[in-house]
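Report on one structure; see the data block that follows.
Computed from a predicted structure; not experimentally measured. Position 1 is the first residue of the sequence, and the numbers go up from there.
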Amino acid sequence: MTLKFPFDWPPGAQPPEELTKLRDEPVVRAVMPSGDPVWLVTRYADVRAVLSDRRLSRNRERPGAPRMTAAPRTKMFQNPKIDRDPPEHTRMRRLMTKAFTPARIERLGPYVEEVVAELLDRWRRPPVDLVAEFALPLTLRVICRLLGVPVADQERFRTGVGQAWQYIGELIEAKRANPGDDLISELIEVHDDQDGRLSTHELHVWCTVLLMAGHETTAAQIGSGAVLLMSHPDQLALLRAEPERIPDAVEELLRFQVAGHSLSMLRYVTEDIEIGGVTVPAGSGVVPVLESANFDESVFPDALRLDITRDARDQIAFSAGPHYCLGAALARLELRVAFAALIQRFPGLRLAVDVDELRHHDNPLELGFVEVPVTW
């Protein structure tokens, strides 16, 4: 029987049965929400190899390329302009990396702590929706601070990517005239001798993606990570007793439940390739399933057990290869600060409903933020 991908996986739940059995074979036939057939790559080593293999293209404008859904390509993760192949992607990525530096992220640390404290100060009476009242406003404010979006304009982006696209275009022009100490101003100026500068369109696309993906995915990860901790009280208690474990806990939470799913990893095979001893023909769609790789027992023994003492630094939630998540360092910073504050300030923090009542959104292309009511 051909599987339907992605699998239903409520936050805080154990991996679904389809996922736990997936690695019995290195590649498995499945059907996307569009109805297009794909091959799912299931094992850690193969997933990493596929993510770096130039014979697998992310250019979804290729004739016959598989689709995520049958709907028009208006969603952020279906935009064929975002994930070009080398050399176009290499050039854009090199220029982005010159501005999106570790030092810039490190300077955001005090601001992240300030926003976390401010948002948690507002929690007066339980229950509180942890996602709506904490995770989403936190990550939105941080990415806006990084990009240089004024605080007064930030609420505009809750209505979706359309608003963001128009606004970012206007903001880029404003920054050209009056640059500031922000990422957009830096990207306008960044260049190198080999690759020149980012074009206006490239800058527009990348900044819009950073704005939307840079807050939505991290907010979802804060929500799912908090649910995992609250539904594993032994692990939460250990983290309270030994808060120095928070960096390791973040890696384990990322391993255990990737925000969203691997639909956005969809590739197109440009020539016959061998994956795990199986020949996948040219023209096929391939999805390297990150959430499957993160439960590969050959890399993470006893993988179905959440264990914050585990060394999970090899988890692959942020992808790998040339498309490794540009915002991984920022996401890790926000996750560490968020979980540290929640644990310190609310020693009785717990879910206000049964974990079985939490469900993902039905739309496979949406992160589907669920309500996470908590009490203390």
Angle between ring planes, H89 versus H323, binned at 30° and 60°: parallel, tilted or perpendicular?
tilted

With a 4.5 Å heavy-atom cut-off, do V131 and E371 have their side chains touching?
no

List for me each residue that meets salt bridge (Lys or Arg N to Asp or Glu O under 4.0 Å) alongside E113, sequence neighbours excluded, and say none if there are none.
none

Contacts of E186 meeting side chain to side chain contact (heavy atoms under 4.5 Å, CB included) (sequence neighbours excluded), chain-then-number -> A99, R104

Does the gap between the ring centers of F295 and Y44 come in under 6.0 Å?
no

Applying salt bridge (Lys or Arg N to Asp or Glu O under 4.0 Å), which residue pairs with at least one partner in residues 130-143 are found, sequence neighbours left out?
E118-R141

For P127 and A352, work out which heavy atoms get closest and say how close.
CB-CB, 3.9 Å

Which residues share a salt bridge (Lys or Arg N to Asp or Glu O under 4.0 Å) with D129, sequence neighbours left out:
none

Partner of F256 under side-chain contact (heavy atoms from CB on, under 4.5 Å), picked from L228, I308, L304, is L228

Table please: side-chain donor-acceptor pairs of residues 327-349 below 3.5 Å, with sequence neighbours left out.
unit_1 : atom_1 : unit_2 : atom_2 : d
R332   : NE     : E251   : OE2    : 2.7
R332   : NH1    : Y324   : OH     : 3.2
R332   : NH2    : E251   : OE1    : 3.1
R345   : NH1    : A117   : O      : 3.4
R345   : NH1    : D121   : OD1    : 3.1
R345   : NH2    : D121   : OD1    : 2.5

Residues forming a salt bridge (Lys or Arg N to Asp or Glu O under 4.0 Å) with D36, sequence neighbours excluded:
R67

Taking every heavy atom of N294 against every heavy atom of Q315, the minimum-distance pair comes out as OD1-CA, 3.4 Å

Sequence neighbours left out, cut at 3.5 Å: what donor-acceptor pairs do the side chains of residues 266-278 make with other protein atoms?
unit_1 : atom_1 : unit_2 : atom_2 : d
R267   : NH1    : M265   : O      : 3.0
T270   : OG1    : R55    : O      : 2.8
D272   : OD1    : A282   : N      : 2.8

Looking at L290, is its backbone amide N or carbonyl O close enough to the side chain of S262 to form a donor-acceptor pair, meaning the two atoms are under 3.5 Å apart?
yes

Taking atom CG of L253 and atom OG of S224, what is their separation to the nearest 0.5 Å?
7.5 Å

Quick one: closest heavy-atom pair of H215 and L136, and the distance?
CD2-CD2, 4.1 Å

Could you pull out all residues at least two apart from P37 that satisfy side chain to side chain contact (heavy atoms under 4.5 Å, CB included)?
R29

For K21, all residues meeting salt bridge (Lys or Arg N to Asp or Glu O under 4.0 Å), sequence neighbours excluded:
E17

Crowded around D181 CG? As in, over 12 foreign heavy atoms under 6.0 Å?
no

Could you list the residues that satisfy side chain to side chain contact (heavy atoms under 4.5 Å, CB included) with R124, not counting sequence neighbours?
none

If you compare all heavy atoms of T42 against all heavy atoms of R23, which two are closest, and at what distance to 0.1 Å?
O-CG, 3.2 Å

Heavy-atom side-chain contact between L351 and L358 under 4.5 Å:
yes

Would you mind reporting whether L238 and E242 have side-chain heavy atoms less than 4.5 Å apart?
yes

Does a side-chain heavy-atom distance below 4.5 Å link V41 with V287?
no

Would you name the heavy atoms of D182 and G148 that are closest together and state the gap between them?
CB-CA, 3.6 Å

Only counting residues at least two apart or in another chain, list the ones meeting side chain to side chain contact (heavy atoms under 4.5 Å, CB included) with E173.
R176, T200

In terms of heavy-atom contacts, T218 and G214 come closest through OG1-O, 3.7 Å

Summary of salt bridge (Lys or Arg N to Asp or Glu O under 4.0 Å) pairs that have at least one residue in residues 305-327, sequence neighbours excluded
E252-R310, D302-R305, R305-D307, D311-R313

Check whether more than 12 heavy atoms from other residues, nucleotides or ligands sit under 6.0 Å from atom CD of E106, and answer yes or no.
no

Does the side chain of E291 reach to within under 4.5 Å of the side chain of W9, using non-hydrogen atoms?
yes

Test item: Q257 side-chain N/O and P15 main-chain N/O as donor-acceptor pair under 3.5 Å:
no

Please work out whether the ring planes of H201 and W165 are parallel, tilted or perpendicular, with thresholds of 30° and 60°.
perpendicular

